[in-house]
Protein chains: 2
Amino acid sequence: MSDLLERLRDRGWRLTAQRRVVAEVLNGDHVHLTADEVHERAGRLLPEISRATVYNTLGELVALGEVLEVSTDGRAKRYDPNARHRHHHLVCTNCRTIRDVPADETTDAPPSGDCFGFRISDVEITYRGLCPDCQAKA
Amino acid sequence: MSDLLERLRDRGWRLTAQRRVVAEVLNGDHVHLTADEVHERAGRLLPEISRATVYNTLGELVALGEVLEVSTDGRAKRYDPNARHRHHHLVCTNCRTIRDVPADETTDAPPSGDCFGFRISDVEITYRGLCPDCQAKA
DNA sequence: GCCAGTCTTAGAACTAGTCTAAGTATTGAG
DNA sequence: CTCAATACTTAGACTAGTTCTAAGACTGGC
């Protein structure tokens, strides 16, 4: 994750305590936190961090392509630091857990039929179903 | 669309002017309106209809499986009456236009690799790219 | 036509996110 | 190391989208 801070500095970022903390909170591969969750966790490390700064920093990370924005339900957006490996999402319809699942040529193929003249640049797939835990409880 | 009203009555729905109007506004196959757009159009036909009623009716239609909820951006949910034909969505990254694109066995296949034990019941695909109009303007 | 109970209403409340203006702190120059 | 320029952060007001509430209105079965 220090690589990330390096990359950001190279892009002209000032390295502030707040940005460090947001980057640290987002560390991990199957992390899909909402902005409020990021704010809450960042607040444990740096109590005076403001919500606006968390939103600003997340927005900047997304703009730089370091973090992905995921909106699998119509609620709060989630922030996914796993931007280096193309992947899709498994979402549990019961407990809303999210897991990354690798993308491949098959999943990323454009639709077989008519694309109505669209020039497709990205394919985003959400697989919905029951996670193992929720299957066990059912 | 009168079929829809029939089906709803069969399920014990009271047929009120408001519900008729919401159903009528949603008529069509490539319609992806926000709740506010539905409210605005419904208001032209029945000026005193309230926003709460529009939300209630849309929610009920979704619960009954007659209408799909689509959240392709992190903004307002859109309501898609094309629930009878499995399909995915093409979204223009520039003008945000949405088009339906038919689903088939290929698009609806579960991920080829490990599903982490999930029992997948639905696949939802968003293809992002430039629509013909926006390509022409670019 | 009457009544029970469902549906609708206006507006308040809530959640997620953005904006603003003033203050603070990082960094590069000297 | 110090300083100034200016990028960054802050609290809190504001907006959009949606849900809730309590009171009144209307539908459909009798």
Side-chain angles (χ1 to χ4, degrees), chain A residues 4-25 32-43 45-64 66-80 96, chain B residues 4-25 32-43 45-64 66-80 96:
Chain A
L4 171 57
L5 291 176
E6 274 308 319
R7 287 200 299 279
L8 295 176
R9 174 154 40 209
D10 292 348
R11 306 218 209 191
W13 267 36
R14 285 192 182 176
L15 292 191
T16 65
Q18 290 83 347
R19 286 171 169 177
R20 269 177 233 274
V21 162
V22 170
E24 187 169 339
V25 166
H32 303 89
L33 300 172
T34 63
D36 260 14
E37 285 163 354
V38 172
H39 179 227
E40 195 243 323
R41 293 183 191 205
L45 302 166
L46 187 69
E48 66 278 20
I49 193 170
S50 77
R51 245 147 42 81
T53 297
V54 171
Y55 276 105
N56 287 343
T57 308
L58 290 173
E60 288 156 359
L61 289 169
V62 170
L64 294 177
E66 297 288 353
V67 165
L68 301 171
E69 219 171 49
V70 184
S71 35
T72 43
D73 53 4
R75 324 276 302 167
K77 287 173 193 158
R78 293 182 171 274
Y79 293 89
D80 179 347
R96 313 229 145 241
Chain B
L4 170 58
L5 291 175
E6 274 309 318
R7 287 199 299 279
L8 295 176
R9 174 157 37 212
D10 292 349
R11 305 218 211 192
W13 266 36
R14 286 197 178 170
L15 292 190
T16 65
Q18 291 83 346
R19 286 172 169 177
R20 270 177 231 272
V21 162
V22 170
E24 186 170 340
V25 165
H32 303 89
L33 300 172
T34 64
D36 260 14
E37 286 163 353
V38 172
H39 179 226
E40 195 243 322
R41 293 184 192 203
L45 302 166
L46 188 69
E48 67 278 21
I49 193 169
S50 77
R51 241 138 45 80
T53 297
V54 171
Y55 276 104
N56 287 343
T57 308
L58 289 173
E60 288 155 359
L61 289 169
V62 170
L64 293 177
E66 298 288 352
V67 165
L68 302 172
E69 218 172 51
V70 184
S71 34
T72 43
D73 54 5
R75 323 277 301 168
K77 286 173 195 158
R78 294 184 170 273
Y79 293 88
D80 179 346
R96 313 228 145 241

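Basis for what follows: all heavy atoms, side chains included, without hydrogens, waters or symmetry-related copies. Within every chain, numbering begins at 1; the chains are lettered A, B, ... in the order of the sequence lines, protein sequences first and strands thereafter.
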Subject >> Phosphate contact (D/dC8 OP1 or OP2) by A/R19 side-chain N/O below 4.0 Å >> reply: yes
Original post:
Rounded to whole angstrom units, what separation is found between the CD atom of B/E60 and the P atom of C/dT6?
Top reply: 13 Å
**OP:** State, yes or no, whether a side-chain contact exists between B/V21 and B/T16 at a heavy-atom distance under 4.5 Å.
**Re:** no
Original post:
Taking atom C1' of C/dA10 as reference, at what distance in whole Å does atom CD of B/E48 sit?
Top reply: 13 Å
Subject >> Taking every non-hydrogen atom, the tightest pair across A/H39 and A/I49 >> reply: NE2-O, 3.1 Å
**OP:** To the nearest Å, give me how far apart CZ (B/R9) and P (D/dG28) are.
**Re:** 7 Å
**OP:** Give the rounded distance in Å between these two atoms: CG of A/N56 and C1' of C/dG17.
**Re:** 11 Å
**OP:** Name the nucleic acid region contacted by A/T16, choosing base, sugar-phosphate or nothing; use a 4.0 angstrom heavy-atom cut-off, strictly under.
**Re:** sugar-phosphate
Subject >> Evaluation steps, salt bridge (charged side-chain N to carboxylate O under 4.0 Å, His left out), between B/R19 and B/E60 >> reply: CA-CA 10 Å; B/R19 286 172 169 177; B/E60 288 155 359; 3.3 Å; yes
Original post:
Nearest to the side chain of A/K77, which nucleotide is it out of C/dG17, C/dT8, D/dT9?
Top reply: C/dG17
Original post:
According to a strict under-4.0 Å criterion, is B/Y55 in side-chain N/O contact with OP1 or OP2 of D/dT19?
Top reply: no
Subject >> d(CZ, B/R20; C1', D/dT27) in whole Å >> reply: 10 Å
**OP:** For B/E37 and D/dG17, give me the distance from atom CD to atom C1', rounded to whole Å.
**Re:** 13 Å
Original post:
Does B/Q18 put a side-chain nitrogen or oxygen below 4.0 Å from OP1 or OP2 of C/dT9?
Top reply: yes
Original post:
When all nucleic acid strands are considered with a 4.0 Å heavy-atom cut-off, which category describes B/R51: base, sugar-phosphate, or nothing?
Top reply: base
Original post:
What nucleotide, of C/dT9, D/dT10, D/dT18, holds the atom closest to the side chain of A/A52?
Top reply: D/dT10
**OP:** Could you pick out which residue, B/A35 or B/L15, lies toward the 5' side of DNA chain D when each is mapped onto its nearest nucleotide?
**Re:** B/A35
Original post:
Does any N or O donor sit under 3.5 Å from an N or O acceptor when you compare the side chain of A/R14 with the base of C/dT27?
Top reply: no
**OP:** Could you check B/R78 against B/D73 for salt bridge (charged side-chain N to carboxylate O under 4.0 Å, His left out), going step by step and ending with a plain yes or no?
**Re:** CA-CA 10 Å; B/R78 294 184 170 273; B/D73 54 5; 5.3 Å; no
Subject >> Distance, rounded to the nearest Å, where A/R11 contributes CZ and D/dC8 contributes P >> reply: 14 Å
**OP:** Would you mind telling me which residue lines up with the more 5' stretch of DNA chain D, B/W13 or A/T53, judged by nearest nucleotide?
**Re:** A/T53
Subject >> Most 5' of B/R75 and B/S50 on DNA chain C, judged by nearest nucleotide >> reply: B/S50
Original post:
Would B/E66 and B/R11 satisfy salt bridge (charged side-chain N to carboxylate O under 4.0 Å, His left out), going step by step from the backbone distance to the final call?
Top reply: CA-CA 12 Å; B/E66 298 288 352; B/R11 305 218 211 192; 3.2 Å; yes
**OP:** Among the candidates D/dC8, C/dT9, C/dA16, find the nucleotide nearest to the side-chain atoms of A/D36.
**Re:** C/dA16
**OP:** Figure out the CG/P separation between B/D73 and C/dG17, and round it to whole Å.
**Re:** 12 Å
